[in-house]
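For reference, the structure is listed below as structure tokens.
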Amino acid sequence: MTNAVESHRTVLVVEDDPGVRSTLEQLLRFEGYHVLVAADGFSALSVLEERRPDLAMVDVVMPGLDGLELCRMLRRRGERLPILVLTARHQIGDRVAGLDAGADDYLAKPFATEELLARIRALLRRTDPPADKGLLRAADLTLDPTARRAERGSESLDLTKTEFDVLELLLRHQGAVLTRTQIYERIWGYDLDSSSRSLDVYIGYLRRKTEQGGGERLIHTVRNVGYTIRPA
């Protein structure tokens, strides 16, 4: 049954293989999404000049402008569009490269249809307006969920969508220790296997950005448990 929210959401599929592109388009339309398609990174940029999708699903290996370079280009332009990278590569280093390029999540081929749809729903849920409009604070770190702004002292933090979501989750549970499983389920909508480094990568990014200029560490690791945010 088509979800009422999904029927108003638009997904951009960027895939150079015509068969895969057509299959993904049909699947998403069947699930109630509006679908835009592009055969490569340059075509995707042209589509984005005309339309505003809610999410982009991007293949990594494409001729011309590949998926990783497309992600980098969009992030350099300040584009906050949620990006799900599709890759046939299974090495952890390749997955980290996708996150480094600015992707919000990745999925290795071949993948189960149910998992693909679950990840799309999870990314789209994170674009919904937050129910709590109050400011969140820890020491001199301030986060505004409604305006999607974060500041450390008087300095604005340039956060990606996933970085912002992780930071917001930690701030909403300030002082409590969130396990890796809890964070994966709340942010990504599912728990990843124990070998995944996605969360570690984002925690590293957040620490560098929130500690820039010599700021005290606010995000702490609780060994063998998870992470918490609190003033030192």
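- The residues R52 and E79 are annotated as salt-bridged, a charged nitrogen and a carboxylate oxygen being separated by less than 4.0 angstrom.
- Nearest heavy-atom pair across M57 and L116 is SD-CD1, 3.4 Å.
- Between Y227 and D200, the side chains place a donor N or O and an acceptor N or O closer than 3.5 Å (distance only, hydrogens not considered).
- Rounding to the nearest 0.5 Å places CG of L86 at 6.5 Å from CG of L24.
- At a threshold of 4.0 Å, the pair R172-E168 counts as salt-bridged, since one of the basic side-chain nitrogens sits closer than that to a carboxylate oxygen.
- Of all non-hydrogen atoms in G134 and P145, the two that sit nearest each other are O-CD, 3.2 Å.
- Formation of a donor-acceptor pair under 3.5 Å by the R21 side chain with backbone atoms of E15 is found in this model.
- Salt-bridge check for D165 with K161: passed, with a basic side-chain N closer than 4.0 Å to an acidic carboxylate O.
- Distance CZ/R230 to CG/L218: 10.5 Å, rounded to 0.5 Å.
- A donor and an acceptor atom, one from each side chain of R186 and T181, are nowhere located under 3.5 Å apart.
- Salt bridge absent: E155 and R152 never bring a charged side-chain N and a carboxylate O closer than 4.0 Å.
- Residue E211 qualifies as enclosed at atom CD: its count of foreign heavy atoms under 6.0 Å is above 12.
- Ion pairing of R75 with D104 is present here, as a side-chain N (NZ or NE/NH1/NH2) and a carboxylate O approach within less than 4.0 Å.
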